[in-house]
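Shown next, in structure tokens, is the structure this report addresses.
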Amino acid sequence: MSFGKGCHLHLVDGSAFIFRAYHALPPLTRKSDGLPIGAVAGFCNMLFKQVEDAKGDDAPTHVAVIFDYSGKSFRNDMYPDYKANRPPAPEDLVPQFPLTRDATRAFNIACIEKEGFEADDIIATYARQAREAGGRVTIISSDKDLMQLVGGGVEMLDAMKNKRIGIEGVEEKFGVGPERVVDVQALAGDSVDNVPGAPGIGIKTAALLINEYGDLDTLLARAEEIKQPKRREVLIEKADQIRMSRDLVRLDDDVPELEPLEALELKDPDAEVLLPFLASMEFRSLSKRIADTLGVESPDIPEPPAPAASSEEAAAPDLPPIDPDKYERVDTMAALARWTALAAERGYVAVDTETTSLDEMQAELVGISLAVLPGEACYIPVGHKKGGADDLFGSDELAEGQLGLDEVLAALKPVLEDAAILKIGQNMKYDAKIFARHGVKVAPIDDTMLMSYALYSGLHNHGMDTLSDRYLSHEPIPIKSLLGTGKSAITFDRVPVDEAVKYAAEDADITLRLWQSFKPQLHRAQVTTVYETLERPLVPVLAQMEMNGVQVDRDTLSRMSNAFAQKMAGLEAEIHDLAGQSFNVGSPAQLGEILFEKLGFEGGKKGKTGKYSTPADVLEDLATEHELPGKVLDWRQLSKLKSTYTDALQAHINPETGRVHTSYVQTGANTGRLASTDPNLQNIPVRTEEGRRIREAFVAPEGKVLLSLDYSQIELRILAHVAGIESMREAFRDGEDIHAATASEMFDVPLAEMTPETRRRAKAINFGVIYGISGFGLARNLRIPRAEAQAFIDRYFEKYPGIKEYMNDTVGFAKDTGFVQTLFGRKIHTPEINAKGPHAGFARRAAINAPIQGTAADIIRRAMIRMPAAIEGLPVKMLLQVHDELIFEVDEGAVEDAIAAIRAVMEGAADPAVKLSVPLVVDAGQGANWAEAH
DNA sequence: GACATCACG
DNA sequence: GACGTACGTGATGTCC
């Protein structure tokens, strides 16, 4: 078939696929010989997905995968340094390059590369040819260099975000249309590809200039007219360099001797070619999936004799496909007995609950699913109501064909509580709390979400959808397809039982499969100890804390709300008066207009949406010149306190318990910290007097007291330990004021003569170091000139050379291995650490911070895990954790005993796994409310 | 749903 | 020499 009108050509940027696949997957190797094949596996998956996704109305008629030819291109003849900044490809990726070509051909897709040309040039050439022939083109890539090709039937598709990029998308990115993209790129340059461009000019400025003068040649010809002296000089002096840059970025759309378009026609893969290739790679599950799709028998891939393997793809046994139609609906006690017997026989069972709410404290149990083997799963409905989504009011009557909740729980309880049967769940804390409310204590447990967290923190989130997609290549039935969204959403008890069976049992099936995949991984990744000592045992502790809840006094909050509302109304009137007009004070956009246009203040910066930005520090500066900004700041503070705290907290008081029950997300922070949600009780105000009063509403019941115990300077102590800073360790051992001690050492001031200002600066630097300090950041924080801030930092590193060394070592380790570690072995992955551009700075600082923040998080986790045993027998309940602080409720008479017991656990929490060279010190407070206790 | 803002350690 | 810059979170309101 010749290429012409009505044809649709897909051009896949092969190199982008390879790199994405490489970074997305753990380093898999071929089981039989250890050949690295992770990128090939990911590449095949993506290619297959691409082919499958493209079926339908908009299907391509022609497809090609375009690769870069290794080696130099014609651009290096123009400019020898072109792409000279590129690091070499990772060692274990190099042997995979030719395999991805083989894979492409095995899929029966045209595989194109050409010596002396980059993939982009070939893509440009084909795009032009296809356009001229009257066809359409989709370029599967997000590379901005390709944006110059968009238009006239050519579009890009960002496969990652599944977003199409047309002319508008290009304008959004470059501020000009596709035909002027090269002009903008020529001016802005590109640090990744080492295109020089015009120094000092970025994309924004470049677009501005091009839009004003029409095109680059006109701009350069009329450069004399430009008002800004710097820009004018650069454009005149660097004109040749800019023209050369344009030649570098302009794609060559006339690559000679390419395969003709006709040769790219899409053909079905030949099973006789493709399957043997996949078999040779030992991709078992992918072979199976593809064989199923092609409707042929999947090849038998023999297991190699050696058991050593690190490829889950290869290691996965031949699993039955996930098929929701095969799950069993359990509606007789005999059937239920059969399932409990199966669980007992195997010694493990995956469990999942379906309920009416995400709030475990209020959710009603609707059904329970179990899985004992991959593909063998059931659902036990107990609380489904009659009448489906169409029934406006539904019915409170139970649907037919369900066992009673009580009899089901009675039958399951012996299994769920049996120490010899492992209960496997995805986010088991949720299900355990549901069961706990029905008097069932689920134990022992394993949790696939936590396994994923121990294995892959920093790489991706740990929700079931993500895990299923990544590790089982399967997209579970979306809950939205059952419940709908928004206002019309129904609760799970309104879902027809037959649909619920498929969804719920599939979740248990997936959980079981994930568990089988993760279990051996833990050991290989050497995170078994992390999982067993820092993750798994924390689940019951957090569940208990959440169920305990904290008493919050509604009247106190309500009174404060009213007072805030009154003050806000007064401020609002004053603000409108000062502005000379009425506007929404809560709208930064409207406020920006008033400040920077109507009132004419200087220094208004616009954000990415083109609106003025009005954060607190900007308003603080303006407050010296005008009354309005200060009033807005006051209004904002009150607005925050009212909406986020005094109002929202009241809504979170549980009607049954009269207390507020937060949820901790154990996998919420990459570093090992917890996150608190619904409501977040880890950000209750404390820094301002007015805010702190909110804490007065967190109270102890009659006859009890709130205790707060917090680690003093735990992160700095950890820094002193890991970086081996002897003088700082000594200061901690001697119980000195650490910031004053730092100041004394840095500025050669005796402790006795320390001024608050000097101490404040040292404190800012101490914190800055933990965050991966920069001169700019410190300067902004201390509001001092950048040079001065940099001088402080230099001085600090001079005094504490161990810190510089620690930073370099940590970043080096991250670059080599892709992760950093806490003292307790927790891994935090840093996939961006070898990236180029602004990402790199963030990744670098995060890598420096993660072991410190993470070690502190590990220590308090250890304390929390040991706490129940330590306070056993005392009238004490652990209620809350705020990163370095634990809050307890205790009988008045037992305060001293409780503090002693808790402090001992917290101060000794690192032992015996890690011997710290600095003491851990815990401060304690008590009172009738949290404000007093803190 | 993205963005800006601000609460905490 | 410029770039863009402290680390980790969650909740709220506005605006499209």
Side-chain angles (χ1 to χ4, degrees), chain A residues 188-189 191 196-205 230 234 458 486 584-592 606-619 632-633 636-637 639-645 647-649 652 662-665 668-688 691-692 694-695 710-711 713-715 764-782 786 789 793 828 836-854 856-857 860 881-885 934:
Chain A
S191 57
I201 292 182
I203 287 185
K204 288 262 165 71
T205 313
K230 269 201 179 153
V234 162
N584 186 344
V585 184
S587 163
Q590 293 180 30
L591 175 67
K606 292 191 178 179
K608 53 179 93 171
T609 45
K611 305 258 169 49
Y612 287 109
S613 165
T614 62
D617 54 343
V618 170
L619 296 187
V632 171
L633 283 170
R636 277 191 188 167
Q637 197 199 1
S639 163
K640 183 82 174 184
L641 293 176
K642 183 172 185 304
S643 67
T644 310
Y645 300 104
D647 289 351
L649 274 175
H652 277 288
T662 184
S663 287
Y664 289 103
V665 189
N670 289 339
T671 52
R673 274 194 179 179
L674 303 177
S676 160
T677 65
D678 306 301
N680 181 355
L681 295 186
Q682 291 182 321
N683 71 347
I684 304 302
V686 69
R687 291 175 187 171
T688 65
R692 193 156 47 235
I694 308 248
R695 295 188 171 216
D710 69 289
Y711 284 107
Q713 305 291 0
I714 187 166
E715 292 192 357
I765 300 174
N766 274 335
F767 276 110
V769 165
I770 292 173
Y771 298 149
I773 200 158
S774 73
F776 181 93
L778 183 67
R780 198 174 56 174
N781 186 287
L782 285 175
R786 193 169 159 179
I793 294 172
I828 297 118
K836 291 276 170 189
H839 293 316
F842 284 106
R844 205 187 95 85
R845 293 189 294 271
I848 290 169
N849 174 259
I852 300 171
Q853 188 183 115
I860 198 166
Q881 188 250 42
V882 192
H883 309 309
D884 63 357
E885 174 187 14
H934 187 73

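Here is how names work: the chains are called A, B, and so on, in the same order as the sequence lines, proteins then strands, and each is numbered from 1.
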Discussion item. Nearest 0.5 Å, please: how far is CG in A:Asn670 from CD in A:Gln853?
Written reply: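 Nearest 0.5 Å value for the CD-CG distance: 9.5 Å.
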
What is the distance from [atom1] of [X] to [atom2] of [N], rounded to the nearest Å?
X: A:Asn680; N: C:dT9; atom1: CG; atom2: P; value: 13 Å
X: A:Tyr645; N: C:dA11; atom1: OH; atom2: P; value: 10 Å
X: A:Gln713; N: B:dG9; atom1: CD; atom2: C1'; value: 12 Å
X: A:Ile793; N: C:dT5; atom1: CD1; atom2: P; value: 16 Å

Can a side chain N or O of [X] be found less than 4.0 Å away from OP1 or OP2 on [N]?
X: A:Thr614; N: B:dT5; result: yes
X: A:Asn683; N: B:dG9; result: no
X: A:Ser587; N: C:dC15; result: yes
X: A:Ser639; N: C:dT12; result: no
X: A:Arg845; N: C:dT5; result: no
X: A:Ser613; N: B:dT5; result: yes

Fill in: Under-3.5 Å donor-acceptor pair between A:Arg687 side chain and B:dG9 base
yes

Worksheet item: According to the Watson-Crick and G-U wobble definition with distances under 3.5 Å, which dot-bracket string, read 5' to 3', encodes DNA chain C, using [ ] for crossing pairs and | for pairs with another strand?
Response: ......|||||||||.

Determine the Euclidean distance between corresponding [atom1] atoms of [M] and [N]; express it in Å to zero decimal places.
N: B:dC6; M: C:dG4; atom1: P; answer: 23 Å
N: C:dC3; M: B:dA7; atom1: C1'; answer: 31 Å
N: C:dT5; M: B:dC3; atom1: P; answer: 15 Å

Using a heavy-atom cut-off of 4.0 Å across all strands, would you classify [X] as base, sugar-phosphate, or nothing?
X: A:Arg844; answer: nothing
X: A:Asp710; answer: nothing
X: A:Ala648; answer: sugar-phosphate

Worksheet item: Nearest to the side chain of A:Asn849 - C:dC7, B:dT5, C:dC15?
Response: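 Ranking C:dC7, B:dT5, C:dC15 by closest atom to the A:Asn849 side chain puts C:dC7 first.
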
Worksheet entry | Which nucleotide in C:dT12, C:dC15, C:dT9 has an atom nearest any side-chain atom of A:Gln590 |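 Between C:dT12, C:dC15, C:dT9, the one nearest the side chain of A:Gln590 would be C:dC15.
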
